[in-house]
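Inspection log for the structure reproduced underneath, given as structure tokens.
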Amino acid sequence: MLNKKIAELINDQINKELYSGYLYLDFANYYEDEGLEGFAHWYQIQAQEERDHAMMMRRYLIDNGVRVTFGAIAKPDKVFKALSDPLDAGFEHEKYVTSLINNIYAEAFALKDFKTMQFLDWFIKEQGEEEKNAEDMVKKMKLYGHDAKGLYSLNQELAARVYTPSATGPAM
Ligand code: FEO
């Protein structure tokens, strides 16, 4: 049986991961509207990955005898004025998610909940990758996004992203 505080934090994180997916789908909606289908596609896949994160946490709780409960998912309310705005917002959001995961990890450490620490190890690594991906997007947009040819190429590059469920992540 999991410690009550840990169970609550992970249950709450499920909501945050689903919100992340909702947020990234909102980014995709924006880029679809702007005619940048590659950017939209990239965020649509990112939204799928966020749902996977939520499912991994849900499975972990269930497998540890916890009754999972869902709260309302917040409305994405970002207003975009420039094509780079969702990329900047995405990088900021991932840094925030890292802080949430780190917080759960710190609680697990304090409680000597080694099982949960091991479960979270994958998420710690994943957050490192997600922050890097988000930062790379910001950098590339700064470098190439200012002229039509650069933007076109970047859009093509992002369109090539393929969704593959993680082979190394926790069960869903
Ligand atoms: Fe589930 Fe983008 O972190």
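Note that ligands are numbered from 1 as they come in the structure, with each ligand's atoms numbered from 1 the same way.
The set of protein atoms (N, O or S) found at less than 2.8 Å from atom 1 (Fe) of ligand 1 reads Glu17 OE1, Glu50 OE1, His53 ND1, by chain and number.
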Under the salt bridge (charged side-chain N to carboxylate O under 4.0 Å, His left out) rule, what do Arg161 and Glu49 come out as? Steps first, then yes or no, please.
CA-CA 12 Å; Arg161 185 176 185 187; Glu49 289 203 356; 3.3 Å; yes
Checking Lys95 against Glu92 for the salt bridge (charged side-chain N to carboxylate O under 4.0 Å, His left out) test, could you report, in this order, the C-alpha distance in whole Å, the side-chain angles of both residues, the deciding distance, and whether it holds?
CA-CA 5 Å; Lys95 285 191 273 188; Glu92 286 310 308; 3.1 Å; yes
Yes or no on salt bridge (charged side-chain N to carboxylate O under 4.0 Å, His left out) for Lys16 and Asp12, after CA distance, side-chain angles and deciding distance?
CA-CA 7 Å; Lys16 300 280 200 319; Asp12 194 41; 2.9 Å; yes
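The closest side-chain donor-acceptor pair between Gln44 and Gln48, if any, does not fall under 3.5 angstrom. Using modelled atom types, one finds no donor on one side chain facing an acceptor on the other under 3.5 Å when comparing Tyr105 with Thr116.
In summary, the aromatic rings of Tyr30 and Phe27 are positioned with their centroids too far apart to meet the 6.0 Å limit.
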